[in-house]
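Report on the following structure.
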Amino acid sequence: ETIDGQGKLLFPGLIDVHTHLREPGQEDKEDILSGSRAAVRGGFTTILAMANTQPVIDKRALAEFVRLQGERAGYAHVLPIGTVTKGMQGEELVEMADMKEGGVVAFSDDGKNIQNAEVMRLALEYVKLTGLPIISHCEDNYLAGDGLMRRGRASGRMGLKGIPASAESVIVARDLILTEETGGKLHLAHISTAESVELIRRAKARGVNVTAEVNPHHLIFCDEDIHLTDTALKVNPPLASQEDRAALIEGLQDGTIDMIATDHAPHTQAEKARPFAEAPFGIASLETALSAVYQYLVLTGKLSWERVIEAWSYSPAERFGLKGGTLKPGTPADMVLFDPGYKEVIEPSNLVSKARNTPFLGKTLQGFPVMVWVEGRLVQRNRMLL
Ligand code: DOR
Ligand code: ZN
Ligand code: ZN
């Protein structure tokens, strides 16, 4: 068969290092089948499944379950992330070597569970035996308290309890210091402030073994875009200021930030319909992330297309050991054919994720994957799953 690629782009299947698939335990929000279908519709051929499921992924058998469910689904490669501490309770470390045997490619607790700097230090020391990175969710800690959005002019105007920027950067600084001291390997999830970017820039200049990711929503939106009547932009870490957003884009372009990752966080419509203060944090983004980045950042000249593809495929593969690992050279490729002119209305009838919590609902986005191959097998064509 001849494929007409006129006017389209062909690039490696994207690797998303931060997705919440909610299985096991919260399959009403999403499951591994629906989440991995959403992934290939969005151009992702490999997704890393975050560990905060119910139960949390703290044993080899649970990691094997996630991987197996991914294989059974047959869409994207689904690679499990394990927790750092048993039950994500922040006390006893998991059996890291054993979980690596079970297929985990990184370890990650909720930030609040490794508030204890001693636990984080031990984890960074111990993880060296596996060669895998520890993922830190710096935003999630005592300084954030029960805040609802970033503390600043917008939170003041709306009268919503604010989360100070320091809630993130204090832990970024701590984790960089501990990583430098232990010689461990650190990956910082969803960096959202200018101060964090600057801390990472300086640590990298000193040779600290750190990588960082940024979410599309932090590159596209800021706290001024939040409205009390719409919880779609209630997310953690919270949307920051316009200055922060500019610093994130600059950090991504100059290599201080290595990767883009979705933080796909599916929630039920009932939960997101609650009042702003009670709705859960999170944006479901697998099906819109690439198009949104293309439309808001590439088409506007803020980011180069080359950098976007590098940050969403090459850098994740390198950091999480996927080159010559899962994706062996010489095996049939994971590829995406992207049509920059393709327009689609984001509406429930065409979303394959179970979740609807996207700020793009009812809006039209431009630029979508129109063919996706996983290991040489066509899994999506003309926006339909095969
Ligand atoms: O907004 C968020 N929701 N951020 C996270 O990092 C976690 C996620 C979730 O699990 O819902
Ligand atoms: Zn997080
Ligand atoms: Zn997350």
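When a ligand or atom number is given, it counts from 1 through the structure's own listing order.
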D140, portion touching ligand 1 at heavy-atom distance under 4.0 Å: neither

N, O or S atom within H137 nearest to the Zn ion (ligand 2), by name: ND1

Nearest-contact summary for atom 5 (C) of ligand 1 - protein heavy atom, Å: D263 OD2, 3.4 Å

Sub-4.0 Å atoms of ligand 1 with respect to non-hydrogen atoms of V235: 1 (O)

Closest protein heavy atom (residue, atom, distance) for atom 3 (N) of ligand 1: F281 O, 3.2 Å

Minimum side-chain heavy-atom gap F338-K8 below 4.5 Å: no

Centroid-centroid distance, Y314 to F320, less than 6.0 Å: no

Side-chain H-bond candidate by donor/acceptor type, H217 with S285, under 3.5 Å: no

D258 and S315 side chains, donor-acceptor separation under 3.5 Å: no

R153, CZ: over 12 other non-hydrogen atoms inside 6.0 angstrom: no

Test item, H190 contacting ligand 1 (heavy atom, 4.0 angstrom): yes

Enumerated ligand 1 atoms positioned under 4.0 Å from heavy atoms of G282: 1 (O), 2 (C), 3 (N)

Any K234 heavy atom less than 4.0 Å to ligand 1: no

Q54 side chain vs P24 backbone, donor-acceptor pair below 3.5 Å: no

Heavy atom of the protein closest to atom 1 (O) of ligand 1 (residue, atom name, distance): N236 N, 3.0 Å

E139: its N/O/S atom lying closest to the Zn ion (ligand 2) (atom name): OE2

Modelled atom types, side-chain donor and acceptor of D16 and H264, under 3.5 Å: no

Nearest neighbour in protein (non-hydrogen) for atom 10 (O) of ligand 1: R22 NH1, 3.0 Å

Ring centre gap for H218 and H190 strictly below 6.0 Å: no

Shortest-distance N/O/S atom, D263 versus the Zn ion (ligand 3): OD1

Side-chain touch D140/C138, heavy atoms, less than 4.5 angstrom: no

Residue portion contacting ligand 1 (non-hydrogen atoms closer than 4.0 Å) for H267: side chain

Minimum-distance N/O/S atom that H20 presents toward the Zn ion (ligand 3): NE2

L299-L252 co-clustered via ILVMFWY side chain contacts under 4.5 Å: yes

Contact atoms of ligand 1, heavy-atom distance to H20 under 4.0 Å: 7 (C), 8 (C), 10 (O)

Ligand-side contact atoms (ligand 1) for residue partner N52, heavy atom cut-off under 4.0 Å: 10 (O)

